[in-house]
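When a residue number appears, it is its place in the shown sequence, counting from 1. Every number for a ligand or one of its atoms is a count from 1 in the order of the listing.
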Amino acid sequence: MSVVNARRNAVNFDDSFVRDVIKFGGADLKVCMQCSICTVVCPLSPDSNPFPRKEMIWSQWGLKENLLRDPDIWMCQECGECSKQCPRNAKPGSVMTALRTVTVSHYSWPRFMGRAFRNWWFLPVFTLVPIVLFILVYYAFKLSIPASGPVYFSSFIPYNLVDAAGIIVGIFAIFSLGYGSWRYYREISAENKSRKKFIPSAASTLATVLLHTRFSKCISNHNRYYSHILIFYGFIALLLATFIGALEIHVFGFRHLLLFGVQNIIGDLGLILILPGILIAVVNRASSKVPKKETYYDWYFLALLALVVITGFALELLRAADSVSAYYVYASHLILVFMLIAYSPYSKFAHVFYRFFALTYLESIGRIPTQEIA
Ligand code: SF4
Ligand code: SF4
């Protein structure tokens with residue numbers, strides 16, 4: 001065995017890792033008695049080396065190295081069937097969620113951001129950053145809110161300024177997300193070399209993500225499938241609307257974004273999809289019979305997205321009514337959008353990327369059959 005493999009296979013108990021898993025949802029993991037009922041009832045667990053029983057014992061033993069390189073945690077879709085059936089109420093589904101949270105914060109770049117972000121007491125700091133930046137920009141560029149007249153957001157903040165800020169924050173988020181999840185992929189694929197090439201496996205995985213195929217296999221908590229798919233496609237519509245808006249201004253030379261233009265119609269469609277998705281998710285969580293430990297981290301992305309959608313709707317209505325308050329809502333909306341994009345590498349949004357890379361790897365080694373993915 002090489003020195004590298006010896007290091008990889010070493011059994012090192014890490015107490016701080018166990019504390020993290022407990023803190024982020026795995027509070028009851030120590031009562032697990034390894035009966036394996038959870039692995040039997042899980043609709044997504046494979047026959048060989050199944051989950052989540054092994055993750056339960058690894059977590060109890062603090063086997064950080066194993067868990068941080070365990071792609072199986074991303075095969076779990078958080079349906080909660082295992083937690084419902086667990087005779088010890090150890091909530092294995094919540095432990096799997098906690099492991100994903102800890103994994104993302106471990107691989108995220110820069111790591112201190114990932115670690116800080118999962119703690120609610122850093123939220124005021126993360127909220128203050130865009131507010132302070134906005135105030136600085138406001139005074140540096142001598143911006144002012146028009147006192148009356150038709151509402152055009154560009155007469156408050158020039159589109160060039162908004163787009164420049166969007167590009168800078170977007171590049172940071174894409175780099176951070178890409179680097180973190182790619183680092184994770186390299187780590188999980190280091191020992192067991194893939195049989196297939198990355199691209200074909202990634203293409204199959206992309207199909208499963210777009211169609212939510214694995215999600216639909218869950219027996220329990222099926223409403224999560226609907227909320228997830230609505231939010232997912234609503235989010236894509238919002239991204240598309242932003243892109244079209246930038247084209248209209250910078251390529252087609254529009255002076256203002258039209259109230260009933262293509263960009264707005266697609267944006268509205270996104271909002272119409274996301275809002276019921278969020279409502280289903282909230283009602284589902286509030287009324288769920290599945291035993292579950294929820295944390296601030298589980299709610300952050302959903303709550304922020306809800307605020308972005310609500311301010312988005314509000315500023316459109318206020319703009320249509322030519323109300324000056326539209327400018328204030330617009331400023332709040334921009335701050336919220338900044339938070340959504342800039343902190344996406346550390347929030348639940350990042351899970352889409354980590355899950356994608358993990359499932360791609362699992363498909364490439366044959367742990368997830370291709371026909372199941374596609
Ligand atoms: S988590 Fe529950 S069901 Fe799973 S092995 Fe432990 S005690 Fe059994
Ligand atoms: S939450 Fe659902 S998918 Fe995840 S391990 Fe439990 S039964 Fe399996």
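- The shortest distance between side-chain heavy atoms of Gln77 and Arg355 falls below 4.5 Å.
- Annotation: protein N, O or S atoms under 2.8 Å of atom 6 (Fe) of ligand 2 (waters excluded) comprise Cys82 SG.
- Inclusion of Cys35 in the first shell of atom 2 (Fe) of ligand 1 is not supported: no N, O or S atom falls under 2.8 Å.
- Protein heavy atom closest to atom 3 (S) of ligand 2, with residue, atom name and distance, is Gln77 N, 3.5 Å.
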(message) Between Phe338 and Leu133, is the side chain to side chain contact (heavy atoms under 4.5 Å, CB included) condition met? List the steps.
(response) CA-CA 10 Å; Phe338 176 100; Leu133 283 176; 3.9 Å; yes
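- The atoms of ligand 1 that sit less than 4.0 Å from any heavy atom of Gln34 are 5 (S), 6 (Fe).
- Tested against Tyr184, the residues Tyr179, Phe357, Phe353, Tyr354 include a single ring pair (Phe, Tyr, Trp, His ring centres under 6.0 Å) partner, Tyr354.
- Listed by atom number, the atoms of ligand 1 under 4.0 Å from Met33 heavy atoms are 6 (Fe), 7 (S).
- When ring centroids are compared, Tyr343 and Phe349 stay outside the 6.0 Å threshold.
- Taking all heavy atoms of Ala90, Ser59, Pro87, Cys86 into account, the minimum distance to atom 2 (Fe) of ligand 1 is reached by Cys86.
- Salt-bridge check for Arg367 with Asp72: passed, with a basic side-chain N closer than 4.0 Å to an acidic carboxylate O.
- Stacking of Arg53 on the aromatic ring of Trp58 is not recorded, the 6.0 Å distance cut-off and the 45° axial limit not both being met.
- The nearest heavy-atom contact from the protein to atom 6 (Fe) of ligand 1 is Cys32 SG, 2.3 Å.
- Within ligand 1, counting atoms from 1 as listed, the ones closer than 4.0 Å to a heavy atom of Met56 are 1 (S).
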